[in-house]
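Structure first, commentary second.
Below, read A as the first sequence line, B as the second, and so on, with proteins coming before strands; counting in each chain starts at 1. In this text the structure is predicted, and so the values were computed from the model without any measurement. Heavy atoms only: backbone and side chains are in, while hydrogens, waters and symmetry mates are out.
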Protein chains: 2
Amino acid sequence: MRPTLQTVADAVGVSRSTVSNAYSRPDQLSADLRDRILTAAAGLGYAGPDPTARSLRRRRAGAIGVLFTAKLSYAFTDPYAVQFLRGLASSAEQGRTGLLLLPLSMDDEEAAVAPVNDAVVDGFCVYCLPDWHPALAALEARGLPVVAGQKRPGSQASFVGIDEAAATRAAGEHLVALGHRRLAVVGEYFTVAQSTGPVTIKSPGDVAYYTDRERLRGYQEALAEGGVPWSSVATVNVARNGRAEGAAAAAYLLDRAPRPTAIAALSDILALGVLDAVRARGLRPGHDVSVVGFDDIPDATTEGLTTVHQPAAERGRRSGLLLLDPPTDPADRSVVLPTTLVVRATSGPAPS
Amino acid sequence: MRPTLQTVADAVGVSRSTVSNAYSRPDQLSADLRDRILTAAAGLGYAGPDPTARSLRRRRAGAIGVLFTAKLSYAFTDPYAVQFLRGLASSAEQGRTGLLLLPLSMDDEEAAVAPVNDAVVDGFCVYCLPDWHPALAALEARGLPVVAGQKRPGSQASFVGIDEAAATRAAGEHLVALGHRRLAVVGEYFTVAQSTGPVTIKSPGDVAYYTDRERLRGYQEALAEGGVPWSSVATVNVARNGRAEGAAAAAYLLDRAPRPTAIAALSDILALGVLDAVRARGLRPGHDVSVVGFDDIPDATTEGLTTVHQPAAERGRRSGLLLLDPPTDPADRSVVLPTTLVVRATSGPAPS
DNA sequence: TTGAAAGCGATACCAC
DNA sequence: GTGGTATCGCTTTCAA
């Protein structure tokens, strides 16, 4: 049997408390005794207090859970997610806390909440979840600190994010100011149609995910204000947030007449795919067709993409801080980070 | 105070065991009683058995720890790592287990082992650690299942990996067969020199990391057999496994005379950087200079890089399986996956 | 300084 | 089908 505190205590001839102190509060006993205990422990093959037992007693797990929908592997593929996790990791590291990655199945109701109920963590970071996801209720029930990237009515969760709609409103105004009137918006709308292709979105409210919903709303508002009716705007859904999907969506838009003069994508990855399609047709981005993205991932700079910059790593970092010790004042539990429109080479005056 | 099993038991007027059964073994009680219990629990705001307490009792944490050196964020940036984690995640998911990411500081002796001692996990996956890292001993002491990507003498750990040296031996033979005699090898050797630039490596044994050490050894063997003395081979160290660093290393090699006719990089990321440098000088990869990588990451295909293919995701997946239930027979705890040399466009006959 | 005793919240075995 | 009892391994007052 593996040795326990008791084993060591017996071997040295002291009580458990003393052995415990030897590990957790070295200042509570003489250096000499502590040495004897540690030596005996090493001899017995005792590796130190059991983390689980310690967690139970101390009421601290030493980990924060990160909730994802879909396959966990998605988290590693999306550049925005990588940046976000990087920031989250940096504050976790600082707080001597690990990151527990928790995939949330979408199909099975049971599997969708189990990770939330079973995770040994001190808090949760909700990366991205649709409003109807059952895990949301489970989360609330566990009563642990939660931080999310969106505000949900009635939720106790902290918020660290950006004003999504304001960000795309700026982008929309930019395009309108350049004279664009025929526009299209490409996004992962998670509509009933799970495939890449045109969809009709009567109102942004129909979109399941907060992020895309708000971003779409921003565009709608800017265009409406600029005199471009929403009904004239083509919306194309992609099955996945991938570069190839962006290209496929753009292919649809570019191959029909009249071609839009500007295509807004709700993520940079999609926008880069759009650029691929534009170039593949011998069209010049920023001249024949303007393209705007969202996120400002590293490749956006390289490829000269006009996009909305958002502080991805900082979002992660601040989320971690809020989880590590949640402020008592609710006002401090909501952080809105700034975004900026970065105009590069892919947006220009509408062709006449 | 938050409700516990006892609270619910008292409210319903049954014993703790019964409430526990209601959650963990529904078949042990009448559906009716179970319903009553669950309803009462919901009313009291009881979210189900406490995961920590349950872990203690069941002796199962429901998570596996993934050990990294350096910044945790590195894990998200390296394409090979992403693939590996993807595979690991897939088997973890299947085993209803989370992934606990544990960054291992390199500087502080204390911080270097703490994560290993404190992690609430059922096993560890060692992603990449130098042989002298103190966490290795701590790992052994904890007595949990461990799987690593390299064999370490005297270690109990399972092994899932490839024959690194055989892989590069094949690559080296390929280059020799093409007539190359002036060669260079670029790698993250972790020598004393922490900067990008030429280093002298008398023998592969001097390299701190297993992976690079073995890969270097493979090249040395192939070249020696082909009549190319090791002393004639230029070795260049990079400070980080990045594309820009690969380019910088290649710059050094390409700007001096006589220029090597072939450059082998110990990772694809580096090789792509080497390609950048080659092209920047107006040289043609595969004609003027041959370039070989290692890993076969997605971009390698795109860029036509000759490289060694290794099954990254499969390594992760098999690692997960071994951790989830370790085979009793030690022979089954060692998995060597195959690698193949993929000859694409960046390698060709040595220029005369 | 050191130790005794009382939990932390749950599960598992075994009677009833 | 249900409940008693003994742990799981540790931390933490509090008194000696």
Quiz item: Given dG3(D), dA10(C), dA6(C), which nucleotide is nearest the side-chain atoms of Arg16(B)?
Solution: dA10(C)
Practice problem: Report yes or no: does Ser20(B) contribute a side-chain atom to a donor-acceptor pair with the main-chain N or O of Arg16(B) at less than 3.5 Å? | Solution: no
Exercise. List in numerical order all residues of residues 25-37 of chain A for which some heavy atom is under 4.0 Å away from an atom belonging to DNA chain C.
Key: Gln28(A), Leu29(A), Ser30(A), Leu33(A)
Quiz item: Are Thr18(B) and dT2(D) close enough that a side-chain N or O sits under 4.0 Å from OP1 or OP2?
Solution: no
Quiz item: At under 4.0 Å, does any side-chain N or O of Ser20(A) touch on OP1 or OP2 of dT11(D)?
Solution: yes
Quiz prompt | First encountered from the 5' end of DNA chain D, between Ser17(B) and Asn21(A) | solution = Ser17(B)
Quiz item: Hey, does Ser55(A) reach any base, or is it just sugar-phosphate, or nothing, if we go heavy atoms under 4.0 Å?
Solution: nothing
Quiz item: Taking atom P of dA5(C) as reference, at what distance in whole Å does atom CD of Gln6(A) sit?
Solution: 13 Å
Quiz item: To the nearest angstrom, how far is Asp50(A) atom CG from dT11(D) atom C1'?
Solution: 13 Å
Practice problem: Anything under 30° is parallel, anything over 60° is perpendicular, the rest tilted; go ahead and classify Phe68(B) against Tyr127(B). | Solution: tilted
Quiz item: Is a side-chain donor or acceptor of Ser158(A) paired with a backbone partner of Val147(A) at a separation under 3.5 angstrom?
Solution: no
Practice problem: Please determine, for the side chain of Leu5(B), which listed nucleotide (dT11(C), dA6(C), dC8(C)) has the closest atom? | Solution: dT11(C)
Quiz prompt | Touch class at under 4.0 angstrom, heavy-atom based, for Ser24(A) against every strand present | solution = sugar-phosphate
Quiz prompt | Check: Arg60(A) main-chain N/O paired with Ser55(A) side-chain donor or acceptor under 3.5 Å | solution = yes
Quiz prompt | Side-chain donor or acceptor of Arg142(A) paired with backbone N/O of Phe124(A) under 3.5 Å | solution = no
Quiz prompt | Listed nucleotide nearest any side-chain atom of Arg58(B), set dA10(C), dA12(C), dC10(D) | solution = dA12(C)
Quiz prompt | Short side-chain to backbone donor-acceptor contact, Asp122(A) and Ile64(A), under 3.5 Å | solution = no
Quiz item: Would you say Arg333(A)'s side chain and Pro327(A)'s backbone share a donor-acceptor pair under 3.5 angstrom?
Solution: yes
Practice problem: Just call it for Tyr23(B): base, sugar-phosphate, or nothing, with non-hydrogen atoms closer than 4.0 Å on any strand. | Solution: nothing
Exercise. For dT11(D), take OP1 and OP2 only and decide whether either is under 4.0 Å from a side-chain N or O of Arg54(A).
Key: yes
Practice problem: Measure distances between side-chain N and O atoms of Arg57(A) and base N and O atoms of dG7(C), and say whether any donor-acceptor pair falls under 3.5 Å. | Solution: yes
Self-check item: Ser15(A), nearest nucleotide to its side chain (from dA4(C), dG7(C), dC8(D))
Solution: dA4(C)
Quiz prompt | Between dA12(C) (P) and Arg60(B) (CZ): distance, integer Å | solution = 13 Å
Quiz item: dT11(D) P sits how many Å from Leu56(B) CG, rounded?
Solution: 12 Å
